[in-house]
Every structure is written in structure tokens, then in C-alpha cells.
Novice: 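One structure, pasted below without further comment.
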Amino acid sequence: GAVVSQHPSWVICKSGTSVKIECRSLDFQATTMFWYRQFPKQSLMLMATSNEGSKATYEQGVEKDKFLINHASLTLSTLTVTSAHPEDSSFYICSAGDGQGAGDTQYFGPGTRLTVL
Amino acid sequence: GNSVTQMEGPVTLSEEAFLTINCTYTATGYPSLFWYVQYPGEGLQLLLKATKADDKGSNKGFEATYRKETTSFHLEKGSVQVSDSAVYFCALTGGSYIPTFGRGTSLIVHP
């Protein structure tokens, strides 16, 4: 099946610094990727839709200037948490569709645990 | 818009018990339906899927049947194992390309 990787798998940073998380589709091309945030014992919260070659579409309540998304190629999307604060600590997950259109199967990365001190 | 409703958890079972996790949905058109599983500290993995009415998805002993008349996609397993302990997410895609997820149901299996 399709494989999606994320890097890093975990990161600890100081408050005020920026952190970049990469999401790659390893064996398929993805024009659209999704970024989610997950709090402990809670469901996925869709943050934004990342579109190759165009601006990301952010969900209501997500600060686009804080969570910068760049989808530079058909296999790579990045999420940069700028000026991170402790409340940004969370588990961030990306997914990519298999290109079937409206009936896409989503393949997920293994997630990135961000801890902001 | 689309929505997915899952039963509240946690679901706690003894090993070899029968499992049912209910999932119902609201969607326009003919969505594709999915079950994903998330083990502690990991991302989501596709467990099974069904793309049209009356299809049955199955994998690792888990099954779910796409029931259009009841708009349901309940997950079942005849005999659970401790290693099945995880969070299970029901999801759909269709109409909109943005996937819709349920809130997740935690399954805890005791030896």
C-alpha cells in the first residue's frame, strides 16, 4: 500500500522558536495533503488542506501565519509552527490521498510529537 | 455537510469476546467508507474500506458492511485479542474531497 512518512517523529523546542515538520508520500504523488492536530485521547482536528503549487486552505480558527504550510512538490508538504509556545504542544499528523478523487483513501504519516518548553 | 457518528468509548472487553463498534454517517451522494486504527503513539493505519453499498470490507479478522439503507458501517470482530487494543476511527470521503472522521472509539482488551 501507499506509504507516507513524517519527519521528525518527535521534537522538543524552546518557546519562541520555529519548527518544521515534513510529510512525504514515498511511492505515489499527492496533489493534496492534509494536516491534522490531535490532543491526547481526542479525535483528529483538521488544520488545513495543502495543495501542490497553490496556497493552503485553512480551517476556521487555525492561524495561517502561525502554521505555515508549503506544498512544494507532488511528494512533499511541510508544516512550520512559527514562534512556538507551550500550547502548541501536540501530536501533528499528515495524510495524503491516493488520487482516486472524491473517494480517495487517505494514507497517514506516523505523526510528529511536538513539545514546546 | 458530511458527518460521521461513532459510539462513545472506551469499549472494554475480555480476550476472545465479540466486538461491535457502531458507526453511522450522513453524506450526499455515494461516499466511500473507511475504518482506521491508531495504536498508541502512532499515526492512523487503514484497517478496511468499502466503496459502494453492500460491499464488505475485511482485514485481520475485522469486518464492516456498507449499509446504505441504514447509513451505517459498523465494525465487527468475532474474537478480539489484547493486541487489538487501540483507537478506531470511522471515516468517509465523497462529495467533498476532504475526509470526514468520527471522534474515535477506544478499545481496551484485557487478557
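Here the structure is a predicted model, which means the values were calculated and not measured. Residue numbers begin at 1 in each chain, while the letters A, B, ... track the order of the sequences.
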Novice: Are more than 12 heavy atoms, taken from residues, nucleotides or ligands other than B/Tyr30, located less than 6.0 Å from that residue's OH atom?
Specialist: no

Novice: What closest approach, in Å, do A/Ser43 and B/Gly102 show between heavy atoms, and which atom pair accounts for it?
Specialist: OG-O, 3.0 Å

Novice: Give me the atom names and distance for the closest heavy-atom approach of B/Gly41 to A/Phe91.
Specialist: O-CZ, 3.9 Å

Novice: Are B/Leu44 and B/Phe62 linked, directly or through other ILVMFWY residues, by side chains that come within less than 4.5 angstrom of each other?
Specialist: no

Novice: Can you get from B/Val37 to B/Leu33 by hopping between Ile, Leu, Val, Met, Phe, Trp and Tyr side chains that sit under 4.5 Å apart?
Specialist: yes

Novice: Is it the case that one hydrophobic cluster holds both B/Phe34 and B/Leu75, taking links as side-chain heavy atoms less than 4.5 Å apart, direct or via other members?
Specialist: no

Novice: What are the two closest heavy atoms between A/Leu44 and B/Phe89, and how far apart are they?
Specialist: N-CE2, 4.3 Å

Novice: Does any backbone or side-chain atom of B/Leu46 lie under 4.5 Å from a heavy atom of chain A? Answer side chain, backbone, both or neither.
Specialist: side chain

Novice: Select one option (side chain, backbone, both, neither) describing which atoms of B/Gln38 are under 4.5 Å from chain A's heavy atoms.
Specialist: side chain

Novice: Does a sphere of radius 6.0 Å around NE2 in B/His110 hold more than 12 heavy atoms from other residues, nucleotides or ligands, not counting ones at 6.0 Å or beyond?
Specialist: yes

Novice: Are A/Phe108 and B/Phe101 close enough that their ring centers fall under 6.0 Å?
Specialist: yes

Novice: Using non-hydrogen atoms only, which part of B/Tyr36 is less than 4.5 Å away from chain A: side chain, backbone, both, or neither?
Specialist: side chain

Novice: Spell out, yes or no, whether A/Met33 and A/Leu76 are grouped together once hydrophobic residues are joined by side-chain heavy atoms under 4.5 Å, including indirect joins.
Specialist: no

Novice: Check each atom of A/Thr32 against the heavy atoms of chain B and say whether the ones under 4.5 Å are side chain, backbone, both or neither.
Specialist: side chain

Novice: Chain B heavy atoms under 4.5 Å from A/Gln6: which part of the residue, side chain, backbone, both or neither?
Specialist: neither

Novice: Under 4.5 Å between side-chain heavy atoms, hopping through other hydrophobics if needed: is there a path connecting A/Met45 to B/Val4?
Specialist: no

Novice: Please round to the nearest 0.5 Å and tell me the distance separating atom CD of A/Gln106 and atom CD1 of B/Ile98.
Specialist: 10.0 Å

